[in-house]
*Asks:* 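Please read through the structure below; I'll follow up with questions.
Side-chain atoms are counted along with the backbone in the values below, which use heavy atoms only and exclude waters and symmetry mates. Naming: A, B, ... by sequence-line order, numbering from 1 per chain.
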Amino acid sequence: MALDRIRTRFAPSPTGYMHVGNLRTALYAYLTARKSGGDFLLRIEDTDQTRQVEGATEIIYNTLKETRLFWDEGPDIGGPYGPYVQSERKDIYKKYALELVDMGAAYYCFCTKERLEEVNRIKELSGQVAGYDNHCRNLSKEEIKANLDAGVPYVIRQRIPDSGSTYFDDLVYGRIEVENNTLDDQILLKADGMPTYNFANVIDDHLMLINPVIRGAEYLSSAPKYSLLYRAYGWEIPDYVHCPPVMRDAQHKLSKRHGDASYEDLVEMGYLKEAILNYIALLGWSPKSDKEKFTLEELEAVFDPKNISRSPAIFDYEKLKFLNGEYIRELSPEDFKEKAMPYIKKTVKGDCDFDLLCHVLQKRCEVLGDISEQVDFIDEMPEYDIDLFTSKKMKTNPENSKQMLNELLPVLEGLNDWTMDNIHGELFKLIEKLGVKNGLLLYPLRVAVSGKQFTPGGGVELAAVMGKEKTIDRVKKALVKLA
RNA sequence: GGCCCAUUGGUCAAGCGGUUAAGACGUCGCCCUCUCACGGCGAAUUCAGGAGUUCGAUUCUCCUAUGGGUCACCA
């Protein structure tokens with residue numbers, strides 16, 4: 001349609017958290033704009049006065065900033081088409097609604113909620129489809145004036161043509177056309193003077209020169225009504241990009257209300273922002289190549305809304321984890337340490353070689369949140385059974401473990417410069433002297449020092465991480481246990 | 001229920017009339033290895049079903065099934 005400048009918008013309603021599906025929609029809108037050097041704007045849809053949530057807008061700002069989805073126009077930075085908060089645009093909607101009434105494309109409706117409920121109840125009983133019965137469609141001018149003068153509360157409804165059909169074009173779904181008689185005379189302006197989403201989005205998107213309009217697929221079925229509105233005003237109908245939902249499983253959408261993680265939750269669990277963004281970009285969209293790892297900048301270059309999928313995508317934590325692991329492994333040792341330390345500190349209050357610990361941890365960490373448990377043996381020796389010394393693969397058992405521990409204890413005690421290289425050197429000399437396999441000596445050391453089946457790092461590494469005193473102490477205790 | 005949309009391995013997906021039906025995650029096996037992991041190699045698993053159209057359908061059409069969305073003074 002309009003081939004002018006690409007302008008997209010992210011228009012969340014402030015609910016108090018960032019939904020993963022919403023974030024993806026924001027991402028797609030952002031990318032679509034950036035790809036073509038267009039504008040990306042932020043608009044807050046807060047027309048439901050009953051659902052105001054304290055601090056909700058801040059969360060939206062923060063999430064977008066954290067993920068580097070910077071906007072060119074928005075409530076905080078302004079812009080030529082403001083205000084960008086719908087509740088501040090009340091007068092604008094009213095003006096346009098009245099204009100519609102004048103044109104005959106909308107009308108005053110004085111029906112009470114009670115009446116509407118009654119109508120729907122009766123319709124349901126008789127097996128009819130719910131919906132407005134057009135009761136106020138043809139009130140006389142006098143009736144309307146009398147009601148208005150008497151201060152009877154009213155809403156303004158869209159007058160849908162009785163016949164004909166309406167279509168719109170979607171970049172991912174193609175052209176969708178429906179019969180007008182399946183459409184309802186929806187409310188445009190509520191009794192409190194606020195517009196409904198169905199009205200506000202049309203006015204705002206037009207006034208803010210938005211094209212294409214990118215949003216969730218739940219609006220697919222109301223889009224024809226919007227076309228009717230655009231047409232009534234003589235405005236150009238924008239192109240649409242409807243994004244399929246992100247699902248928890250085959251039949252449920254991802255939803256915070258049902259316990260699914262929001263963006264903030266994922267971050268708290270220890271997922272990296274870059275990994276989250278990368279993953280959700282791939283949920284319902286795919287590049288024309290095998291490439292899967294993308295920076296935001298790379299996405300900006302290759303993204304094309306035409307490649308968005310038409311079917312719902314199930315959110316797969318396994319894949320997110322994998323991707324997160326990839327991002328973690330790419331971190332510089334310094335960055336990893338900075339991110340990992342808070343999680344390490346949850347279970348390690350004492351001292352140890354944190355640099356070395358981080359070094360061994362980085363390769364074994366998919367989600368930062370797992371770290372706490374991975375290092376929980378460092379401060380305090382866990383209870384363990386001597387069966388742990390038995391490893392078929394290492395050919396160890398409590399008996400030979402005891403032997404080996406007895407062999408390595410004096411070696412460790414005699415070591416003055418407690419570095420990983422030295423420990424490694426001395427122990428391997430011993431291995432050679434004894435003529436045994438590495439594992440036979442080292443596996444028991446690892447168990448003695450950690451009391452765990454799996455640990456980040458082997459015996460030598462753990463000994464180096466924990467220090468001489470603690471290592472020797474634990475080896476001695478293991479010997480007592482094995483006696 | 002009406003209307004709209006969708007349907008390729010367990011998951012994300014490529015494909016756009018002729019392919020050995022990519023790739024990734026996950027799973028399994030092997031190698032590496034002082035555990036686990038990382039890394040390397042390999043394997044198994046898919047076109048929802050049925051009619052058409054066509055020399056030929058995963059690709060086009062229709063029907064069925066299944067799933068989703070929507071029918072609010074919520075967005």
*Asks:* Hey, are A:Thr166 and A:Asn180 close enough side-chain-wise for a donor-acceptor pair under 3.5 Å?
*Replies:*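 A:Thr166 and A:Asn180 do have a side-chain donor-acceptor pair below 3.5 Å.
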*Asks:* Check step by step if side-chain hydrogen bond (donor to acceptor under 3.5 Å, both in side chains) holds for A:His242 and A:Arg215.
*Replies:* CA-CA 5 Å; A:His242 284 96; A:Arg215 53 151 79 116; 3.1 Å; yes
*Asks:* Without decimals, in angstroms, what is the distance between A:Tyr317 OH and B:A24 P?
*Replies:* 25 Å
*Asks:* Could you say whether A:Ser13 or A:Asn120 is positioned toward the 5' end of RNA chain B, judged by the nucleotide with the nearest heavy atom to each?
*Replies:*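 Comparing both residues, the 5'-ward one is A:Asn120.
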*Asks:* Using the rule side chain to side chain contact (heavy atoms under 4.5 Å, CB included), only one of A:Tyr154, A:Tyr108, A:Tyr107 pairs with A:Cys136; which is it?
*Replies:*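 With A:Cys136 as partner, A:Tyr154, A:Tyr108, A:Tyr107 yield a single side chain to side chain contact (heavy atoms under 4.5 Å, CB included), made by A:Tyr107.
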*Asks:* When you compare B:C16 with B:C55, how far apart are their P atoms, in angstrom units rounded to a whole number?
*Replies:*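 About 22 Å, rounded to a whole number of Å.
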*Asks:* Can you tell me if A:Tyr167 has over 12 outside heavy atoms packed within less than 6.0 Å of its OH?
*Replies:* no
*Asks:* On the 0 to 90° scale, with breaks at 30° and 60°, tag the A:Tyr317-A:Tyr271 ring pair as parallel, tilted or perpendicular.
*Replies:* tilted
*Asks:* Say we look at B:C63 and B:A72: how far apart would their P atoms be, to the nearest angstrom?
*Replies:* 28 Å
*Asks:* Compare side-chain N and O positions of A:Lys190 against OP1 and OP2 of B:C74 and report whether any pair is under 4.0 Å apart.
*Replies:* yes
*Asks:* Taking only nitrogen or oxygen atoms into account, show me every contact under 3.5 Å that the protein makes with nucleotides 63-66 of chain B, one pair per line with its distance.
*Replies:*
none

*Asks:* Can you measure A:Ile176 atom CD1 to B:C5 atom C1' for me and round it to whole angstrom units?
*Replies:* 7 Å
*Asks:* Could you give the distance separating B:G10 and B:U64 at their P atoms, to the nearest angstrom?
*Replies:*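 Each nucleotide's P atom is 26 Å from the other's.
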*Asks:* Which base sits across from B:U70 as a Watson-Crick or G-U pair, both distances under 3.5 Å?
*Replies:*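 Result: B:G2.
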*Asks:* CZ of A:Arg310: more than 12 outside heavy atoms within 6.0 angstrom?
*Replies:*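 Counting other residues, nucleotides and ligands, CZ of A:Arg310 stays at 12 neighbours or fewer.
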*Asks:* Could you check whether the side chain of A:Tyr173 and the base of B:A6 have a donor-acceptor pair of N or O atoms closer than 3.5 Å, going by distance alone?
*Replies:*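 It does not, because no donor-acceptor pair links the side chain of A:Tyr173 to the base of B:A6 below 3.5 Å.
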*Asks:* Find every protein N or O atom lying less than 3.5 Å from an N or O atom of nucleotides 10-14 of chain B, and list the pairs.
*Replies:*
from  : atom 1 : to       : atom 2 : distance (Å)
B:C12 : OP1    : A:Ile314 : N      : 3.2
B:C12 : O2'    : A:Leu282 : O      : 3.1
B:A13 : OP1    : A:Gly284 : N      : 2.6
B:A13 : O3'    : A:Ser286 : OG     : 3.3
B:A14 : OP1    : A:Ser286 : OG     : 3.3

*Asks:* Report the distance from atom NZ of A:Lys253 to atom P of B:A75, rounded to the nearest whole Å.
*Replies:* 15 Å
*Asks:* Can you tell me the Watson-Crick or wobble partner of B:G39, both distances under 3.5 angstrom?
*Replies:* B:C31
*Asks:* Check step by step if ring pair (Phe, Tyr, Trp, His ring centres under 6.0 Å) holds for A:Phe168 and A:Tyr240.
*Replies:* CA-CA 8 Å; A:Phe168 66 93; A:Tyr240 292 95; 5.5 Å; yes
*Asks:* Between A:Lys337 and A:Asp355 (salt bridge meaning N to carboxylate O under 4.0 Å), is one present in this structure?
*Replies:*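 Looking at A:Lys337 and A:Asp355, the cut-off is met.
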*Asks:* Scan for salt bridge (Lys or Arg N to Asp or Glu O under 4.0 Å) pairs involving residues 421-430 of chain A, sequence neighbours excluded, and state none if there are none.
*Replies:*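 Matches after skipping sequence neighbours: A:Glu426-A:Lys429.
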*Asks:* Distance check, P atoms only: B:U33 and B:G26, in whole angstrom units.
*Replies:* 23 Å
*Asks:* Fit a plane to each ring of A:His424 and A:Phe428, take the angle between them on a 0 to 90° scale, and name the class: parallel (under 30°), tilted (30 to 60°) or perpendicular (over 60°).
*Replies:*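 It falls in the parallel class, under 30°.
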*Asks:* Using a cut-off of strictly less than 4.0 Å between a heavy atom of the residue and any atom of RNA chain B, enumerate the qualifying residues of residues 177-188 of chain A by number.
*Replies:*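 A:Val178, A:Thr182, A:Ile187 - these, ordered by number, are the residues of the stretch whose heavy atoms sit under 4.0 Å from the strand.
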*Asks:* Check whether NZ of the Lys or CZ of the Arg A:Lys90 lies under 6.0 Å from the centre of the six-membered ring of A:Tyr93 and within 45 degrees of that ring's axis.
*Replies:*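 So A:Lys90 doesn't make the cation-pi contact.
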*Asks:* When we call it a touch if two heavy atoms are under 4.0 Å apart, what does A:Asn201 touch: a base, just sugar-phosphate, or nothing?
*Replies:* nothing
*Asks:* Determine the interatomic distance between C1' on B:C74 and the same-named atom on B:U11; round to the nearest Å.
*Replies:* 32 Å
*Asks:* A:Phe294 has an atom CZ; how far is it from atom P of B:G23, in whole Å?
*Replies:*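 Taking atom P of B:G23 as the reference, CZ of A:Phe294 is at 17 Å.
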*Asks:* Would you kindly give the CD-to-P distance between A:Gln52 and B:A75, to the nearest whole Å?
*Replies:*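 Distance check: A:Gln52 CD to B:A75 P gives 10 Å.
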*Asks:* Tell me which one of A:Ile344, A:Val348, A:Thr347 satisfies side chain to side chain contact (heavy atoms under 4.5 Å, CB included) with A:Asp376.
*Replies:*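 When A:Ile344, A:Val348, A:Thr347 are each tested with A:Asp376, the side chain to side chain contact (heavy atoms under 4.5 Å, CB included) holds only for A:Thr347.
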*Asks:* In plain terms, say whether A:Asp205 and A:Arg9 are close enough for a salt bridge, that is, a side-chain N and a carboxylate O under 4.0 Å apart.
*Replies:* yes
*Asks:* In whole Å, measure the gap between the C1' atoms of B:A21 and B:A13 for me.
*Replies:*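 About 12 Å, rounded to a whole number of Å.
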*Asks:* Does atom NZ of A:Lys437 have more than 12 heavy-atom neighbours, drawn from other residues, nucleotides or ligands, at distances under 6.0 Å?
*Replies:* no
*Asks:* What is the distance, to the nearest angstrom, from the CG atom on A:Asn22 to the C1' atom on B:C74?
*Replies:* 13 Å
*Asks:* When the distance from CG of A:Asn324 to C1' of B:C25 is rounded to whole Å, what number comes out?
*Replies:*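 Going from A:Asn324 (CG) to B:C25 (C1'), I get 14 Å.
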*Asks:* Output a table of nitrogen or oxygen pairs between the protein and nucleotides 34-38 of chain B separated by less than 3.5 Å.
*Replies:*
from  : atom 1 : to       : atom 2 : distance (Å)
B:C34 : OP1    : A:Asn438 : ND2    : 2.7
B:C34 : O2     : A:Gly459 : N      : 2.6
B:U35 : O2'    : A:Gln453 : O      : 3.3
B:U35 : N1     : A:Arg446 : NE     : 3.3
B:U35 : O2     : A:Arg446 : NH1    : 3.2
B:U35 : O2     : A:Thr455 : N      : 2.9
B:U35 : N3     : A:Thr455 : O      : 2.8
B:U35 : N3     : A:Gly457 : O      : 3.2
B:U35 : O4     : A:Arg364 : NH1    : 3.2
B:U35 : O4     : A:Gly457 : N      : 3.0
B:U35 : O4     : A:Gly457 : O      : 2.7
B:U35 : O4     : A:Gly458 : N      : 3.0
B:C36 : OP2    : A:Lys393 : NZ     : 3.2
B:C36 : O2     : A:Arg364 : NH1    : 3.0
B:C36 : O2     : A:Thr455 : O      : 3.4
B:C36 : N3     : A:Arg364 : NH1    : 2.0
B:C36 : N4     : A:Arg364 : NH1    : 3.1
B:A37 : O2'    : A:Lys363 : O      : 2.9

*Asks:* Between B:U66 and B:C28, how far apart are the two C1' atoms, rounded to whole Å?
*Replies:* 31 Å
*Asks:* Take the protein atom CD1 of A:Ile160 and the nucleotide atom P of B:C3, then report the distance between them rounded to whole Å.
*Replies:* 17 Å
*Asks:* I'd like to check the side-chain hydrogen bond (donor to acceptor under 3.5 Å, both in side chains) partners of A:Ser165; sequence neighbours left out, ordered by chain and number.
*Replies:* A:Glu177
*Asks:* Taking the P atom in each of B:U45 and B:G23, what is the distance between them to the nearest angstrom?
*Replies:*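 My reading of the P atoms in B:U45 and B:G23 gives 14 Å.
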*Asks:* Going by purine N1 to pyrimidine N3 plus the second Watson-Crick contact, or the G-U wobble pair, all under 3.5 Å, which nucleotide sits opposite B:C25?
*Replies:*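 Paired with B:G10.
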*Asks:* Apply the test ring pair (Phe, Tyr, Trp, His ring centres under 6.0 Å) to residues A:Tyr28 and A:Trp285: give CA-CA distance (whole Å), side-chain angles for both, the deciding distance (0.1 Å), then the verdict.
*Replies:* CA-CA 9 Å; A:Tyr28 288 173; A:Trp285 170 82; 7.1 Å; no
*Asks:* Could you let me know what B:A51 is paired to, Watson-Crick or G-U wobble, both distances under 3.5 Å, or none if it's on its own?
*Replies:*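 Answer to the pairing question: B:U61, which forms a Watson-Crick or G-U pair with B:A51.
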